[in-house]
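Read the numbers this way: they start at 1 and go in the same order the structure lists the ligands and their atoms. Numbering of residues begins at 1 and proceeds along the displayed sequence.
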Amino acid sequence: MRHRIDPDSLTALPNGSGVYIFKGQGTLPLYIGKSVNIRSRVLSHLRAPDEANMIAQTRRIDFIETAGELGALLLEARMIKEQSPLFNHRLRRLRRLSSIRLCQTDKGTTPEIVDSKTVNLGATPKLFGLFSSNHAAKQKLNELAQLHGLCKVVLGLEQTSTRGCFGLQIKTCLGACVGQEARHVHDERLSAALIDLQVEVWPYRGPVELIEENDGWVQRHRVNNWCHLETWCSKTGQASQITTFNPQDFDRDSYQILVKPIMLRTVKVQAC
Ligand SMILES: [Zn+2]
């Protein structure tokens, strides 16, 4: 493919992990991406037919190396949110996140829609799913009710009626609303339906450092409550501060980046 990208900027691309930035004629980035191998990932962009439009506008490609993959993921997420490149459609910052909380009442287990304005999402147990709105959370409950034969009256999605829910008439509800199905059986099925969406509670008492090392180069990512606070780098001896900690800043992308390495302990963690 023919392109008009500064050849020196291509030659300079390293084989290590980090973030790369496609730039056009202006100063604003066209696209920001991350890889464990910056060079090979950028070259595969240049060969991708469906990215021809972006490549045609690109004049140079910059990069920022990181000591490991986690650092690349965190940096990419942050830069995309700060700079909103034209060709990145993912990783939009969501002001408010909603979730489904399972509460115990005297009747049984009841789902409640909560959001990040009122609930500290990383520190509250029994939360399921991180949604962009209350409406999206409700939609998920409706979907699960349909899929698993749950009762929409019991789930609080429909008004109570003596004849049971609408689902009972069309045989999509197994009858928890009229006592055909025991409430505890229904509630166990509800919990099982939600289990894959469970939001992990931050497993430490406060902030920790996630340590990545590459050939003597160390980066320490300070994280609290699934929020990335800053990264200290041994090359510069300095920390780049990301944010002051605020539970309302709970960020779905950071959570998704951090949850596996922390829960599966595939990253070196140090209390701080
Ligand atoms: Zn029902």
Peer 1: Can you give each donor-acceptor pair under 3.5 Å made by side-chain atoms of residues 179-186, sequence neighbours left out, with the distance rounded to 0.1 Å?
Peer 2:
from	atom 1	to	atom 2	distance (Å)
Glu181	OE1	Arg189	NH2	3.1
Glu181	OE2	Arg189	NE	2.8
Glu181	OE2	Arg189	NH2	3.1
Arg183	NE	Asp187	OD1	2.9
Arg183	NE	Asp187	OD2	3.3
Arg183	NH2	Thr109	O	3.0
His186	NE2	Cys151	N	3.0

Peer 1: Sequence neighbours excluded, which residues qualify as side chain to side chain donor-acceptor pair (under 3.5 Å) partners of Arg101?
Peer 2: Glu112
Peer 1: Could you please tell me which protein N, O or S atoms lie under 2.8 Å from the Zn ion (ligand 1)?
Peer 2: Cys151 SG, Cys165 SG, Cys173 SG, Cys177 SG
Peer 1: Between Asp62 and Lys23, is there a side-chain N and carboxylate O pair less than 4.0 Å apart?
Peer 2: yes
Peer 1: Between Arg60 and Asp8, is the closest basic N to carboxylate O distance under 4.0 Å?
Peer 2: no
Peer 1: Would you compute the distance between atom CD1 of Ile5 and atom NE2 of His45 and round it to the nearest 0.5 angstrom?
Peer 2: 10.5 Å
Peer 1: For residues 261-272, run the donor-acceptor check on the side chains, cut-off 3.5 Å, and write out each pair with its distance to 0.1 Å, sequence neighbours left out.
Peer 2:
from	atom 1	to	atom 2	distance (Å)
Gln270	OE1	Arg220	NH2	2.5

